[in-house]
> 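Below is the structure I would like to discuss, written out as structure tokens.
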Amino acid sequence: MELRARVLLWKLVLLQSSSVLLSSGPAGPATPGSSVVSESAVSWAAGARAVLRCQSPRMVWTQDRLHDRQRVVHWDLSGGPAGGPARRLVDMYSAGEQRVYEPRDSGRLLLTPSAFQDGNFSLLIRAVEDTDEGLYTCNLHHHYCHLYESLAVRLEVTDDPRAAGAHWDGEKEVLAVERGAPALLTCVNRAHVWTDRHLEEAQQVVHWDRQPPGVPHDRADRLLDLYASGERRAYGPPFLRERVAVGADAFARGDFSLRIDPLEPADEGTYSCHLHHHYCGLHERRVFHLKVTEPAARPPPRDSPGNGSSHSGAPGPDPTLTRGRSVINVIVPEGRAHFFQQLGYVLATLLLFILLLITVILATRQRRRGGYEYSDKKCKSKGKDVNMVEFAVAAGDQALYRREDIRLGYKNNLLKERVELSHSPLPAKSIDLDKEFRKEYCK
């Protein structure tokens with residue numbers, strides 16, 4: 001009769017265990033929708049290097065070559081009759097290795113070897129003792145996905161077979177078991193992250209979207225697709241595709257920050273970083289509202305505090321000149337100085353004109369004087385002596401000579417005749433003065 005009761009109790013516990021599930025994320029495949037975990041407004045100057053931070057340690061890809069050390073389940077006991085802190089009872093890795101911590105529990109505490117295939121992590125106690133009473137905790141750890149789930153079950157030991165059973169106290173399951181009877185502490189989680197062993201590199205993907213101003217989220221443009229396997233795909237307009245980049249070791253560090261270098265005013269808009277880890281059930285989205293501002297003007301170099309001049313002595317850059325623009329400085333002189341300066345220019349020009357005019361006049365007169373040319377026949381008398389006796393002298397202009405009788409003795413008649421001729425008046429002779437002057441000029 002007692003054996004029959006134990007069998008019925010065992011069937012009841014198995015029936016309850018098939019209906020109690022531990023919820024740790026979606027039981028089926030992960031939903032494609034992503035939740036917004038952060039939204040920020042950032043501002044960068046045009047021409048600068050903009051960095052949109054998107055980081056998550058849960059997206060770090062560390063390949064496990066054994067594929068069996070990523071998941072572990074362990075049972076702890078606390079609040080027993082003896083009191084004291086919680087103690088570890090048994091644990092098991094996904095490879096099926098079980099470890100029992102207390103020697104007396106060896107062979108008495110059992111976990112099914114196919115726990116990570118069918119999702120049943122229930123603990124079986126073959127023969128319940130008084131020291132087994134307390135609060136049991138089923139802990140599931142996924143080190144790769146950074147998931148930690150737990151389920152509490154309270155075990156009570158009783159001597160009354162009619163008091164044996166299970167009920168829910170609002171927070172946890174309470175199981176009453178007769179002393180010496182077997183007890184099954186249920187812990188079931190059939191989520192794919194605990195049961196399936198997918199290729200992690202094929203389950204991780206990160207992509208960046210861009211929304212120009214005024215464009216809704218559902219019509220955003222895809223910029224980049226990143227896969228843990230190393231594949232990358234670039235989209236978007238060519239003017240932006242060549243200036244955006246994500247680090248090559250993004251999945252090794254969990255840093256998927258987007259760099260835009262250099263930043264242009266046309267890059268303004270809303271950028272979204274989508275993190276999807278289908279294996280771990282991670283779907284997050286980070287939103288950045290990027291605003292592009294004008295570049296700041298470069299400040300002028302500081303001068304030395306002593307005399308107001310720079311240390312190097314070289315003239316610094318003109319502070320009025322900004323990037324991409326040219327400024328022309330116009331200096332307006334004072335009125336009086338400008339007047340005298342212009343007057344000097346006028347007087348100097350006038351003096352130069354007068355000198356030029358005088359030079360032209362002198363050259364013209366000299367040319368006119370040299371215009372009298374005569375033929376070679378008239379100029380052949382050049383070098384001939386002029387006999388002044390030939391010049392005509394008017395009778396009125398001739399001086400009256402006082403005739404004196406000079407009685408001289410002459411040796412011959414020739415001398416006498418010569419003297420007489422010298423004292424006698426010369427006959428009048430017509431002389432062409434114009435002709436004589438021409439002769440003289442030709443000489």
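Nothing fancy with the numbering, it's 1 onward along the sequence.
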> Is the distance between the ring centroids of F251 and Y227 under 6.0 Å?
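Judged by ring-centre distance (under 6.0 Å), Y227 and F251 do not meet the cut-off.
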> Is there a side-chain hydrogen bond (donor to acceptor under 3.5 Å, both in side chains) between S257 and D255 once you walk through the steps?
CA-CA 6 Å; S257 301; D255 186 1; 2.6 Å; yes
> State whether the side chain of R232 and the backbone N or O of V246 hold a donor-acceptor pair below 3.5 Å, judged by distance alone.
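Yes; judged by distance alone, with no hydrogens or angles, the pair exists.
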> What pair of heavy atoms forms the shortest contact from H141 to N139, and how long is it?
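For H141 and N139, the tightest heavy-atom pair comes out as NE2-CB, 3.8 Å.
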> Between atom CG of L224 and atom CZ of R233, what is the distance when rounded to the nearest 0.5 Å?
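One gets 12.5 Å once the value is rounded to the nearest 0.5 Å.
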> Answer whether the closest heavy-atom distance between the side chains of H74 and L140 falls below 4.5 Å.
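In short, these two side chains do not touch, never coming nearer than 4.5 Å.
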> Name the orientation class of the two ring planes belonging to H207 and H276 (parallel below 30°, tilted from 30 to 60°, perpendicular beyond 60°).
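Geometry flag for H276 against H207: parallel rings.
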> Kindly indicate whether the side chain of D169, heavy atoms from C-beta on, has any atom under 4.5 Å from the side chain of E171.
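D169 reaches E171 side chain to side chain.
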> Checking side chain to side chain contact (heavy atoms under 4.5 Å, CB included) for the pair L223/Y235: CA distance, chi angles, key distance, verdict?
CA-CA 5 Å; L223 291 180; Y235 308 93; 5.8 Å; no
> May I ask you to test the L226-E231 pair for a side-chain heavy-atom distance under 4.5 Å?
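Not in contact.
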> I need the minimum non-hydrogen distance between D209 and R222, along with the two atoms involved.
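The pair with the smallest heavy-atom distance is OD1-NE, 2.7 Å.
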> I'd like to know if the side chain of R71 reaches the main chain of W194, judged simply by a donor and an acceptor atom lying under 3.5 Å from each other, with no hydrogens or angles considered.
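Answer holds: yes.
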> Any side-chain heavy atom of P182 sitting closer than 4.5 Å to one from V177?
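The answer is no, as the side chains (C-beta and beyond) never meet within the 4.5 Å cut-off.
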> Show your working on side chain to side chain contact (heavy atoms under 4.5 Å, CB included) between I125 and R108 and close with a plain yes or no.
CA-CA 6 Å; I125 305 176; R108 200 172 66 92; 3.6 Å; yes
> Quick one, R285 and L275 - any side-chain contact, counting heavy atoms below 4.5 Å?
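No, their side chains stay 4.5 Å or more apart.
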> What closest approach, in Å, do D132 and A127 show between heavy atoms, and which atom pair accounts for it?
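Result for this residue pair: OD2-O, 3.8 Å.
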> Is R286 salt-bridged to E284, going by a charged N under 4.0 Å from an acidic O?
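Yes, charged N to carboxylate O under 4.0 Å.
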> How far does CG of D76 sit from CZ of R88, to the nearest 0.5 angstrom?
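One gets 4.5 Å once the value is rounded to the nearest 0.5 Å.
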> Pair up each side-chain donor or acceptor in residues 212-219 with any protein partner under 3.5 Å, not counting sequence neighbours, and list the distances.
none

> Does atom CZ of R126 have more than 12 heavy-atom neighbours, drawn from other residues, nucleotides or ligands, at distances under 6.0 Å?
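No, because the 6.0 Å sphere around CZ of R126 holds 12 heavy atoms or fewer from other groups.
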> Got a salt bridge between D160 and R162, using NZ or NE/NH1/NH2 to carboxylate O under 4.0 Å?
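Looking at R162 together with D160, the answer is yes, because their closest N to O distance falls below 4.0 Å.
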> If you take all heavy atoms of T186 and E173, which pair is closest and at what distance?
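The pair with the smallest heavy-atom distance is OG1-OE1, 3.1 Å.
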> Check the pair L123, V90 against side chain to side chain contact (heavy atoms under 4.5 Å, CB included), reporting the backbone distance first and the verdict last.
CA-CA 9 Å; L123 177 65; V90 61; 4.0 Å; yes
> So do the side chains of C54 and W208 get within less than 4.5 Å of each other, counting heavy atoms only?
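Yes, side chains in contact.
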> List for me each residue that meets side-chain contact (heavy atoms from CB on, under 4.5 Å) alongside E242, sequence neighbours excluded, and say none if there are none.
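Per chain and number, E242 pairs via side-chain contact (heavy atoms from CB on, under 4.5 Å) with no residue.
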> I need the minimum non-hydrogen distance between S106 and V100, along with the two atoms involved.
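In this case the closest contact between S106 and V100 is N-CG1, 3.9 Å.
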> Determine all donor-acceptor pairs shorter than 3.5 Å in which one atom belongs to a side chain in residues 40-51; sequence neighbours excluded.
none

> Compare all side-chain heavy atoms of Y271 with those of I260 and state whether any distance is below 4.5 angstrom.
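Of all side-chain heavy-atom pairs linking I260 with Y271, at least one is under 4.5 Å.
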> With under 30° as parallel and over 60° as perpendicular, where do the rings of F116 and F121 fit, or are they tilted in between?
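Ring orientation, 0 to 90° scale: perpendicular.
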> Once you round to the nearest 0.5 Å, how far does CG of L111 lie from CZ of R99?
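Rounded to the nearest 0.5 Å, the CG-CZ separation comes out at 12.5 Å.
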> Looking only at heavy atoms, what is the nearest atom pair of Q211 and A220, with distance?
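So the two residues come closest at CG-CB, 3.4 Å.
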> We want to know whether S122 and N120 form a side-chain donor-acceptor pair, criterion being a heavy-atom distance below 3.5 angstrom.
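Result is yes, a qualifying pair exists.
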> Do Q204 and M59 come within less than 4.5 Å of each other through their side chains, counting heavy atoms only?
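Sidechains of M59 and Q204: in contact.
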> Can you tell me how far OG1 of T270 sits from CD of E39, rounded to the nearest 0.5 angstrom?
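Between atom CD of E39 and atom OG1 of T270 there are 8.0 Å.
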> Which value, rounded to the nearest 0.5 Å, describes the distance between D267 atom CG and K291 atom NZ?
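The distance works out to 15.5 Å.
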> Can you tell me how far the CD atom of Q117 sits from the OG atom of S94, to the nearest 0.5 Å?
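That separation rounds to 8.5 Å.
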> Under 6.0 Å between ring centres: does that hold for H277 and H283?
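Not under 6.0 Å, so no.
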> Does any N or O in the side chain of R210 come within less than 3.5 Å of the main-chain N or O of D221, such that one atom is a donor and the other an acceptor?
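No, the answer is negative, given that no donor and acceptor are paired below the 3.5 Å cut-off.
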> Begin with the C-alpha distance, continue with both residues' side-chain angles, and end with the deciding distance and a verdict on side chain to side chain contact (heavy atoms under 4.5 Å, CB included) for L258 and F288.
CA-CA 11 Å; L258 182 69; F288 303 90; over 6 Å; no
